[in-house]
Amino acid sequence: MTLPTLFVPHGGGPCFFMEAGGGPPDPMWRPMEAYLAGLIASLPERPRAILMVSGHWETPTVTVHVGERPALLYDYYGFPEHTYHLRWDASGSPDVARRAAALLRAAGHEVAEEAARGWDHGVFVPMMVAVPGADIPMVQMSLRADLDPDAHIAIGRALAPLRDEGVLIVGSGMSFHNLRARGPQVTAVATEWDDALSAAVTEADPTQRRARVAAWDNLPHARFAHPEAEHLLPLMVALGAGGDDAAVRDYRDVVMGWVVSGYRFG
């Protein structure tokens, strides 16, 4: 069975785990938490592994993590002390990581491997909600530091065979990521951006879809929504891996005045 590919929002820092003792998150994060909690059950079958691309890891060339049990990288600042002791003990999957690297190399991409870096919060925070039992092996793959949209779509296309091998490909970022823009006055601008992005992502013609999304910074309010592109580039990988399959927006919410969406391909 062919798994879909996903682009999911990962929230802000350890947003779902701000209360000591596992209490509920701030109400504004609850819809996103509910979406992530239902993610695995929404799939046609349970994946044997997840390959995840986070907006919090960039390297000169695309890099796959081949470690067997990575630690967590608490790459956020100014949060309650207990959020620096969160645990999510999923295993890595070196075999899947090296299979991904082989597919990329066969498509002409330069690929590095490493085993020392911990999983950043773009991985472990949403996955603690989506896979609380930590019972699906995880592979993290970096963004390429040039943040070239066409290159990341091509990287995703090279990884597409994994979808038929029980591997769920997930881009983890935010469809709106301007940390200085907050409050209800942002909503109208964010909505216009989100509508334009969604129209591009859900374009029926796959060639046009790729072209429109790659040219994301031509969309209305693009550089307001993303002063830097790293939180949007995981979408390019998910789109590329989705191939010609139709896309849908399966999550939308307003957070801090932002309009935030998630997308599914296939």
Side-chain angles (χ1 to χ4, degrees), residues 1-8 10 36 39-55 57-59 61-70 90-115 117 119-120 122-124 126-127 130-131 134-144 148-173 201 206 209-210 213 233-248 250 262-266:
M1 184 173 292
T2 302
L3 287 170
T5 69
L6 306 174
F7 173 71
V8 302
H10 62 236
L36 291 169
L39 210 60
I40 300 302
S42 73
L43 300 174
E45 65 181 16
R46 189 173 179 84
R48 69 179 180 91
I50 299 171
L51 186 148
M52 201 158 185
V53 185
S54 161
W57 188 22
E58 301 173 30
T59 54
T61 60
V62 65
T63 301
V64 293
H65 196 301
V66 297
E68 294 188 358
R69 194 161 296 270
S91 65
S93 182
D95 289 348
V96 171
R98 292 191 170 104
R99 167 67 172 148
L103 288 169
L104 290 167
R105 291 186 183 111
H109 299 282
E110 185 177 353
V111 187
E113 299 178 9
E114 72 90 48
R117 186 182 187 273
W119 285 322
D120 61 62
V123 172
F124 76 81
M127 288 297 101
V131 191
D135 54 353
I136 301 177
M138 171 67 59
V139 172
Q140 185 172 9
M141 188 183 79
S142 75
L143 296 172
R144 209 172 74 180
D148 179 272
D150 285 307
H152 285 83
I153 291 172
I155 286 166
R157 288 181 72 83
L159 296 172
L162 294 174
R163 297 174 58 198
D164 293 317
E165 300 172 14
V167 179
L168 180 67
I169 299 171
V170 181
S172 170
V201 170
R209 183 190 315 146
R210 289 189 291 271
V213 175
L233 264 292
L235 169 63
M236 312 300 172
V237 178
L239 181 150
D244 292 343
D245 290 348
V248 297
D250 61 357
Y263 302 95
R264 179 183 301 245
F265 299 86

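Just so you know, these numbers come straight off a predicted model, no measurement behind them.
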Subject >> Heavy-atom pair of closest approach, residues P149 and M236 >> reply: O-CB, 4.0 Å
Original post:
Would you call V123 and S172 a side-chain contact if the rule is heavy atoms closer than 4.5 Å?
Top reply: no
Original post:
Taking only residues two or more places apart in sequence, or in another chain, which ones meet D245 in a side-chain hydrogen bond (donor to acceptor under 3.5 Å, both in side chains)?
Top reply: R163
Original post:
Under a 4.5 Å cut-off applied to non-hydrogen side-chain atoms, are M141 and L159 in contact?
Top reply: yes
Subject >> Atom pair CG (L239) and OG1 (T5), whose distance is rounded to the nearest 0.5 Å >> reply: 7.5 Å
Original post:
If you count the non-hydrogen atoms of other residues, nucleotides and ligands that lie under 6.0 Å from CD in E110, is the total more than 12?
Top reply: no
Original post:
Using 30° and 60° as the class limits, which term best fits the ring planes of Y263 and F7: parallel, tilted or perpendicular?
Top reply: parallel
Subject >> Closest non-hydrogen atom pair between S142 and V62, with its separation >> reply: O-CG2, 3.4 Å
Subject >> Side-chain heavy atoms of L103 within contact of R99, under 4.5 Å >> reply: yes
Subject >> Shortest non-hydrogen contact between R144 and H152, atoms and distance >> reply: N-NE2, 2.9 Å
Original post:
Out of V96, I50, L3, which residue meets the side chain to side chain contact (heavy atoms under 4.5 Å, CB included) rule with V167?
Top reply: V96
Original post:
Could you state the interatomic distance from CG (D164) to OG1 (T2), rounded to the nearest 0.5 Å?
Top reply: 3.5 Å
**OP:** Considering non-hydrogen atoms only, spot the tightest contact between S91 and R69 and give its length.
**Re:** CB-NH2, 3.7 Å
Original post:
Is it true that a side-chain atom of R48 and a backbone atom of E165 form a donor plus acceptor pair closer than 3.5 Å?
Top reply: yes
**OP:** Please examine the side chains of I155 and V53, heavy atoms only from C-beta on, and report whether any two atoms are closer than 4.5 Å.
**Re:** no
Original post:
Of the non-hydrogen atoms in G243 and R209, which two are nearest, and what is the gap between them?
Top reply: O-NH1, 3.7 Å
**OP:** Enter the distance from T63:OG1 to L104:CG here, rounded to the nearest 0.5 Å.
**Re:** 10.5 Å
**OP:** With rounding to the nearest 0.5 Å, note down the distance linking CG in L6 to CG in L168.
**Re:** 5.0 Å
**OP:** For side chain to side chain contact (heavy atoms under 4.5 Å, CB included), just list the numbers for R46 and I40, CA-CA rounded to whole Å, side-chain angles, deciding distance to a tenth of an Å, and then say yes or no.
**Re:** CA-CA 7 Å; R46 189 173 179 84; I40 300 302; 3.4 Å; yes
**OP:** State, with a plain yes or no, whether a side-chain heavy atom of M52 is found less than 4.5 Å away from one of P126.
**Re:** yes
Original post:
Mind checking whether I136 and M127 have side chains closer than 4.5 Å, heavy atoms only?
Top reply: no
Subject >> E68 and P94, any side-chain heavy atoms less than 4.5 Å apart >> reply: yes
Original post:
Is there a donor in the side chain of R264 and an acceptor in the side chain of S42, or the other way round, less than 3.5 Å apart?
Top reply: yes
Subject >> Nearest heavy atoms of S93 and P137, plus distance in Å >> reply: CB-CB, 3.9 Å
Subject >> pair P234-L143: side-chain heavy atoms closer than 4.5 Å >> reply: yes
